[in-house]
Amino acid sequence: MKLFYAGLCLLGIALPYGAFIPWVLENGFSPGIVLQEILASRLSVFAWMDVLVSAVVLIGFIIYQGAKDSVPILWAPILGTCAVGVSFGLPLFLFFREIALDKLSSNTGEY
């Protein structure tokens, strides 16, 4: 699963930034223009509200489940969620969680 999650981390960065970077190069980075584009249609508002709610839920999940499973460096998937999006933050957290669970099972002798 670690390899699967690592691959999704790469896709989670490449796909969003593959669309965002050309847009920034064309339009410049202006928060006003970004907000104008977000509010351009009800469909884009729908998509952004979905992403924002998902990001809040994910951050709560990272904090709760990460503490429960003793996942280290929880700040990294939280930062990844804020800087890139749920598409990066979720697989990054799951990757770190797999590592933590592997360490836990090897310490307890469980498989």
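Because the structure is a prediction, the values reported are computed rather than measured. When a residue number appears, it is its place in the shown sequence, counting from 1.
- Note on Met1: it clusters hydrophobically with Phe88, by side-chain heavy-atom contacts below 4.5 Å among ILVMFWY residues.
- For the side chain to side chain contact (heavy atoms under 4.5 Å, CB included) test, residues two or more places apart in sequence or in another chain that qualify with Val45 are Leu39, Met49.
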What pairs of donor and acceptor atoms, side-chain ones from residues 58-81 against any protein atom, are under 3.5 angstrom apart with sequence neighbours left out?
unit_1, atom_1, unit_2, atom_2, d
Gln65, NE2, Asp69, OD1, 3.4
Gln65, NE2, Asp69, OD2, 2.9
Asp69, OD2, Arg97, NE, 2.5
Asp69, OD2, Arg97, NH2, 3.2
Thr81, OG1, Pro77, O, 2.7

Distance-only criterion, 3.5 Å: show the donor-acceptor pairs between side-chain atoms of residues 2-29 and protein atoms not counting sequence neighbours.
unit_1, atom_1, unit_2, atom_2, d
Lys2, NZ, Asp102, OD2, 2.7
Tyr17, OH, Ala83, O, 2.6
Asn27, ND2, Trp23, O, 2.9

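- In terms of the side chain to side chain contact (heavy atoms under 4.5 Å, CB included) criterion, residue partners of Ser30 (sequence neighbours excluded) are, by chain and number, Ile33.
- Ser54 meets the side chain to side chain contact (heavy atoms under 4.5 Å, CB included) test with Asp50, Val86; sequence neighbours excluded.
- Hydrophobic clustering, defined by side-chain heavy atoms of Ile, Leu, Val, Met, Phe, Trp and Tyr closer than 4.5 Å, groups Val53 together with Val57.
- Looking at heavy atoms from C-beta onward, Lys103 lies in side-chain contact with Ile99 at the 4.5 angstrom threshold.
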